[in-house]
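First up is the structure itself, then whatever we jot down about it.
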Amino acid sequence: YLDDEIENVPYSDNVDIDAYEVIRGPAGVLYPNASVGGIALKSTKKPLPYKMDDLNFSINNWGQYRAEVDSTGPVGMLGDAKLSYRFVGAFQDGSAYFKNVDDRRFSVHPVLQVDMKNTQVRVAIDYTDLHQIAGGQNFVLPDGTLYTGAGRDEGYYAKGIMEEHKQLRERMVIIQHMGPNWESKTSLSHLFYERHGTNLLPNDLNLAKGVFDLFARRNYQRYDNWVVNQDILGTYKIGSFDNQSAAGFALTDEYVRAAFLNANGAVTGTITAPLFGTNGIMSFPIANPNMDSVVVPSYDSYGPPSAEGSWTNNRRSTFYYQHQLTLIPNHLILVGGVSKASLEINDVPNILTRATAGGTRIATFDQNLHRVGAVVNVTKDVALYALDSTTFAPQGNSNTRDYYGVLLPAQVGKGKEIGLKTALFDGKLSVTIASYKMDLTNVAVLQGAISPITGIQYFIASGLQTQKGWDATVSWAPIPEWQILATAYNGTVKDQTGADLNNTYGNMVTFFTRYDFN
């Protein structure tokens, strides 16, 4: 989420991000399309009431350089209105770790803010142009180490397989203070995003024979999305009890065009795809791939994207109400929320698979969600909490399709969590320990193979996916300049038969420390 709005941008740059906030646990009641495990909120850099100009330049030992600018401050008065601005931008270019790989970026984010009495209006534009690789395709050995037998910088990338990502987003936020304890926030945004390029992707690896297979593909995606959010928040007393109410809605209208075409010589209408190797696949020796000599089909050789591909129109709506009651001051807080989430998908499958996928279809999903919880403050520094909630979300993108090219149904989930939180020694030591169980249905599981019908990798929807276990986070600041952070997790992820799912973690420990020299 970007400033409490659905972002829906698969590739971006974070030069305009001021802070990240992670909300643990099922937050789907308040945030449509949120995961049952929680969400990450990104807060953008906004105008400041004082003048500041900040320039940064960095370069790494591979030769990649980056320049950033951040300028903000007041503009002046226009009648009773106070104007302020912020301009953030970045440019990045140079060499990367792997050969034949670029990570070139240009990103600008102008913001204008108007403050007048009890109203604040903020208008922003986000423009980003990225030129980078589609995905990683160098591989690890059975012992878990990265294969470097062909040289440190050999990542099995041929020349000319970078992708272009362009996004243009217009945003407007209106915040109205209706009283000392009531606030209304209205957000509107429009996003246009386009991705195109040719690439080589891994198809098979045979360590015994020393052979690595790659297939060639043209990628094209286009988003045209509108989002409207409305939230009202207020605090008040009923008798001697403190109350807080939050209500609102989110509406989205999203058009996604996807045209992924393999270089296998297939005929689509009047368009014939180029041919790469045999049936779109070529084999290379892993020890001496000689990728610089590989000729990749050009983007234009695939023909116009309008000749094939799929269209998807997602229309989402979420209406919610949440209430918080302090039943025992300083000791017991109760939280309850309900929402109605709806999703309408107008799906036009790939022209190649339209007949087998059942043609154009409109699918409608509705779900009534809830969230109930309690927080018990044992002391001012120690709290216990419990949470029970449900969530609902469409699949991740327009290419989450099955073997026949049919878009998978929406995910539905429920979660339970109990935990302990502490903030000891004036906040220097904070601890969170939680035990949880989450059930999800219709989870898209990538099969790792290419569908001969669609020409792209396909998914299946698992009947039931159960995640349960515990995790813990410890943050300690023994002195103001020193920060120590450690996390631990242990759990299982199983399907409806009780079997462990591939590519899931059983346990994990992380450690991070930082010291700032003043």
(message) One pair to check against salt bridge (charged side-chain N to carboxylate O under 4.0 Å, His left out): Arg171 and Glu5. What are the steps and the verdict?
(response) CA-CA 10 Å; Arg171 297 182 286 123; Glu5 291 185 41; 6.0 Å; no

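Taking the side chain to side chain donor-acceptor pair (under 3.5 Å) definition, one finds that Lys99 meets it with Glu154, sequence neighbours left out. The side-chain contact (heavy atoms from CB on, under 4.5 Å) search around Ser95 returns none, not counting sequence neighbours.
A donor and an acceptor atom, one from each side chain of Asp70 and Asn56, are nowhere located under 3.5 Å apart. Side-chain contact of Thr466 with Asp439: a donor-acceptor pair under 3.5 Å is present, judged by distance alone. Side-chain contact, Glu163 with Asn199: a donor N or O sits under 3.5 Å from an acceptor N or O. With hydrogens and angles left out, the side-chain atoms of Glu170 and His190 include a donor and acceptor closer than 3.5 Å. No donor-acceptor contact under 3.5 angstrom links the side chains of Asp18 and Ser43, judged on distance only. One side chain, Tyr193 or His165, offers a donor N or O that lies under 3.5 Å from an acceptor on the other. No hydrogens or angles considered: a donor-acceptor pair under 3.5 Å links the side chains of Thr497 and Asp495. For the residue pair Asp213 / Ser283, a side-chain donor-acceptor distance below 3.5 Å is found, with atom types taken as modelled. Between the side chains of Thr473 and Thr487, no donor-acceptor pair of N or O atoms lies under 3.5 Å.
Taking the six-membered ring where tryptophan is involved, the planes of Phe57 and Tyr65 are essentially parallel, since the angle between them stays under 30° and well short of 60°.
Sorted by first and then second residue, the ring-ring contact (aromatic ring centres under 6.0 Å, His included) pairs with a member in residues 129-159 read Phe98-Tyr157, Phe139-Tyr147, Phe139-Tyr156, Phe139-Phe212, Tyr156-Phe212; sequence neighbours excluded.
For the pair Arg152 and Trp62, the cation sits on the ring face: its NZ or CZ lies under 6.0 Å from the ring centre, inside 45° of the axis.
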